[in-house]
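Quick notes on the structure that follows.
When a ligand or atom number is given, it counts from 1 through the structure's own listing order.
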Amino acid sequence: MPKHSWAEPFKIKMVELLKMTTPQQRKKALQQAGYNTFLLKSEDVYIDLLTDSGTSAMSDQQWAGMMLGDEAYAGSKNFYRLEEVVKKYYGFKHLIPTHQGRGAENILSQIMIKKGDVVPGNMYFTTTRLHQELAGATFYDVIIDEAHDSSNLHPFKGNIDINKLDKLVKKFGANKIPYVCVATTVNMAGGQPISMANIKELRKYTAKLGIKVMLDMTRIAENAYFIQQREEGYKRKSIATIVKEICSLTDGATFSGKKDALVNIGGFLALNDDKKFEEASNLVVVYEGLHTYGGLAGRDMEAMATGIIESVNDDHIRARIGQVLYLGDKLNEMNIPIVNPVGGHGIFIDAKKFLPHLKQTQFPAQALAAEIYEDSGVRTMERGIVSAGRNKKTGDHYYPELELVRLTIPRRVYTQAHMDVISESIERVYKNREKIKGLEMIYEPTYLRFFQARFKKR
Ligand code: PM9
């Protein structure tokens with residue numbers, strides 16, 4: 001089979017210069033940041049793989065759209081364009097813009113959840129679960145077991161185990177489950193997709209019980225690419241068609257436009273139910289802004305509308321995921337323990353396997369992320385015990401099976417040479433892995449501790 005290049009369907013029009021730092025400068029920066037890569041100054045970072053959230057390069061069309069911002073307080077024409085695009089590409093009836101994904105999660109949780117409810121989902125996401133808990137629900141993970149094993153090659157590790165869901169229904173009763181929270185793709189599992197067959201099965205199962213299906217569609221185009229590549233019957237379907245089919249099997253969605261939709265800020269809540277839309281429209285004015293701007297400038301809504309259209313372009317998504325796979329192939333060739341199959345938005349290093357001499361309470365993924373930064377100025381992030389937080393009832397840490405360092409690839413930002421530099425750095429750190437020490441947490445914030453926690457070397 002001839003190898004097909006993933007080369008980008010764009011050329012570079014503007015560049016942002018980067019500062020190169022010395023190992024001494026990086027050592028000092030790390031100490032000042034309490035070994036938390038979230039607390040580093042971005043100007044001290046060479047290649048920033050902290051997140052793919054809000055870090056994309058916008059296209060000339062998106063930048064041109066910024067000049068078309070209608071900054072009226074009410075009824076901005078950019079809102080109506082965004083509404084039209086959301087209807088056309090995602091098929092949802094109602095749109096409520098929000099400043100970003102978690103703004104939508106807050107409103108959805110408040111309108112759907114009653115105290116004591118249960119929300120099942122295909123693995124937790126940090127902000128999503130917190131909003132569900134703050135609204136009075138308990139989250140239950142119903143993802144398939146394969147998702148918790150970094151080397152299991154299941155093509156759809158984001159799938160929901162309907163038997164696990166059924167057990168929850170039998171234990172708590174369907175009336176305690178307002179909705180199932182379905183993510184495309186599953187971030188904490190390593191960017192793993194859910195199959196269309198599984199979403200259909202879920203829809204069938206929940207429909208007869210009157211349980212809603214709410215989508216976290218933050219990386220839906222990336223999920224659609226894996227369906228196109230791996231699922232029977234989808235090879236000839238466009239990403240746009242697959243995306244719309246996924247949405248049609250759900251009752252509504254939260255969306256962080258900062259990922260798929262190639263914008264630096266923005267999100268929305270989409271709903272089909274008229275009554276729930278009315279409730280959400282009323283709440284959005286409390287937390288975000290008027291229902292026709294939801295915390296966004298008109299120009300941000302314009303850029304997001306254009307970004308949504310660009311995100312479902314087949315050539316774009318092939319190149320976006322192609323770049324991630326390129327880095328994944330390199331690391332696999334070096335036998336670095338990573339989550340396989342490689343997911344949509346980044347490479348996830350298995351820190352338990354990389355640093356087997358460290359206990360999970362020594363925060364191996366946090367320590368590894370710090371070490372990679374010190375080696376090369378490449379900033380990654382922890383997705384393990386620190387991100388998982390504490391069990392509200394027992395007060396103990398959650399101990400997730402997956403203890404990962406995420407190398408998240410921003411969209412349309414870095415080159416193939418950057419990918420090579422990253423893999424060389426990981427290889428160097430891997431060679432010296434036995435010398436890497438664990439960390440001790442010396443400051444722990446109450447909510448989403450991974451953002452602001454501080455550590456010292458043990
Ligand atoms: N995800 C990420 O880096 C940014 C915050 S955590 C560092 O992966 C999903 C699946 C996400 C997500 C954010 C949100 C929240 C919801 N669902 O960041 O509020 O990956 O726009 O979206 C981040 P906002």
Side-chain angles (χ1 to χ4, degrees), residues 36-40 42 48-56 96-109 119 121-132 134 139 141 143 147 158 181-194 214-223 246 252-270 287-288 294-296 300 304 307-308 324 339 343-348 365-366 369 379-384 386-389 402 404-411 413 445 447-453:
N36 185 346
T37 51
F38 275 99
L39 301 179
L40 288 167
S42 123
D48 203 347
L49 309 184
L50 186 73
T51 175
D52 62 331
S53 180
T55 53
S56 299
I96 293 163
T98 57
H99 78 283
Q100 58 185 89
R102 69 198 73 179
E105 289 167 354
N106 174 32
I107 294 168
L108 180 74
S109 303
V119 177
N122 49 349
M123 207 176 261
Y124 84 101
F125 184 71
T126 53
T127 57
T128 322
R129 184 180 65 190
L130 180 60
H131 280 298
Q132 290 158 359
L134 290 172
F139 173 83
D141 186 5
I143 203 164
C181 181
V182 182
T184 50
T185 53
V186 181
N187 193 350
M188 303 302 280
Q192 301 296 320
I194 178 168
M214 290 296 173
L215 194 59
D216 177 347
M217 60 183 293
T218 292
R219 296 181 182 86
I220 192 169
E222 292 173 5
N223 199 116
I246 296 173
T254 54
F255 184 62
S256 169
K258 300 172 72 174
K259 285 83 168 172
D260 258 10
L262 300 155
V263 285
N264 306 121
I265 195 73
F268 63 70
L269 171 63
Y287 294 104
E288 303 283 316
L296 295 172
D300 297 326
M304 185 156 68
I308 288 170
V324 176
V339 174
H345 63 305
I347 307 297
F348 291 67
Q366 189 79 31
R379 170 158 67 171
T380 60
M381 75 169 283
E382 193 263 9
R383 292 273 80 156
V386 184
S387 294
L402 294 174
L404 308 172
V405 172
R406 187 179 72 172
L407 285 65
T408 343
I409 313 296
R411 296 165 187 79
V413 172
Y447 300 115
L448 303 174
R449 62 183 184 177
F450 59 96
F451 282 130
Q452 292 154 330

Atom indices of ligand 1 within 4.0 angstrom of [X] heavy atoms, with elements:
X: E105; result: 14 (C), 15 (C), 16 (C), 17 (N)
X: T51; result: 2 (C), 3 (O)
X: F38; result: 7 (C)
X: S53; result: 4 (C)
X: F451; result: 6 (S), 7 (C)
X: G101; result: 19 (O), 21 (O), 22 (O), 24 (P)
X: R219; result: 2 (C), 8 (O), 10 (C), 11 (C), 20 (O)

Could you tell me whether some N/O pair between [X] and ligand 1 is separated by less than 3.5 angstrom?
X: D52; value: no
X: T185; value: no
X: T127; value: no
X: T126; value: no
X: M381; value: no
X: R383; value: no

query = With sequence neighbours excluded, what pairs up with T51 under the side-chain contact (heavy atoms from CB on, under 4.5 Å) test?
reply = S53, T55, R406

Over all heavy atoms of both residues, which pair between [X] and [Y] is shortest? Give the atoms and the distance, please.
X: F125; Y: N187; value: CE1-ND2, 3.1 Å
X: Q452; Y: P445; value: CB-CG, 3.8 Å
X: S109; Y: Q132; value: OG-N, 3.7 Å
X: I265; Y: K258; value: CA-CG, 3.9 Å

Please write down residue, atom name and distance for the protein heavy atom closest to [atom].
atom: atom 21 (O) of ligand 1; result: S256 OG, 2.6 Å
atom: atom 17 (N) of ligand 1; result: D216 OD2, 2.6 Å
atom: atom 5 (C) of ligand 1; result: R102 NH2, 3.6 Å
atom: atom 24 (P) of ligand 1; result: Q100 NE2, 3.2 Å
atom: atom 14 (C) of ligand 1; result: F125 CE2, 3.5 Å
atom: atom 13 (C) of ligand 1; result: K259 NZ, 2.6 Å

inquiry  = Would H345 count as a contact residue for ligand 1, given that I'm defining contact as a non-hydrogen atom of the residue lying under 4.0 Å from a ligand atom?
reply    = no

N/O donor-acceptor pair under 3.5 Å between [X] side chain and [Y] backbone:
X: E288; Y: H99; answer: yes
X: T37; Y: T380; answer: yes
X: N122; Y: I143; answer: no

Heavy-atom distances under 4.0 Å decide this one: backbone, side chain, both or neither, for [X] against ligand 1?
X: K258; result: side chain
X: M188; result: neither
X: F255; result: neither

request  = Report the C-alpha distance between E222 and V324 in whole Å, list the side-chain angles of each, state the deciding distance to 0.1 Å, and finish with yes or no for side-chain contact (heavy atoms from CB on, under 4.5 Å).
outcome  = CA-CA 11 Å; E222 292 173 5; V324 176; over 6 Å; no

query = When M381 is tested against each of L404, L49, V386, L50 for side chain to side chain contact (heavy atoms under 4.5 Å, CB included), which residue passes?
reply = L50

message = For E105, run the side-chain hydrogen bond (donor to acceptor under 3.5 Å, both in side chains) check against T127, T98, T254 and tell me which one passes.
response = T127

key: Evaluation steps, side-chain contact (heavy atoms from CB on, under 4.5 Å), between V186 and I194   = CA-CA 8 Å; V186 181; I194 178 168; 5.7 Å; no

ask   = Does D52 come within less than 4.0 Å of K259, counting only side-chain N to carboxylate O?
value = no

ask   = About how many Å separate OG of S387 and CD of Q366, when rounded to the nearest 0.5 Å?
value = 8.0 Å

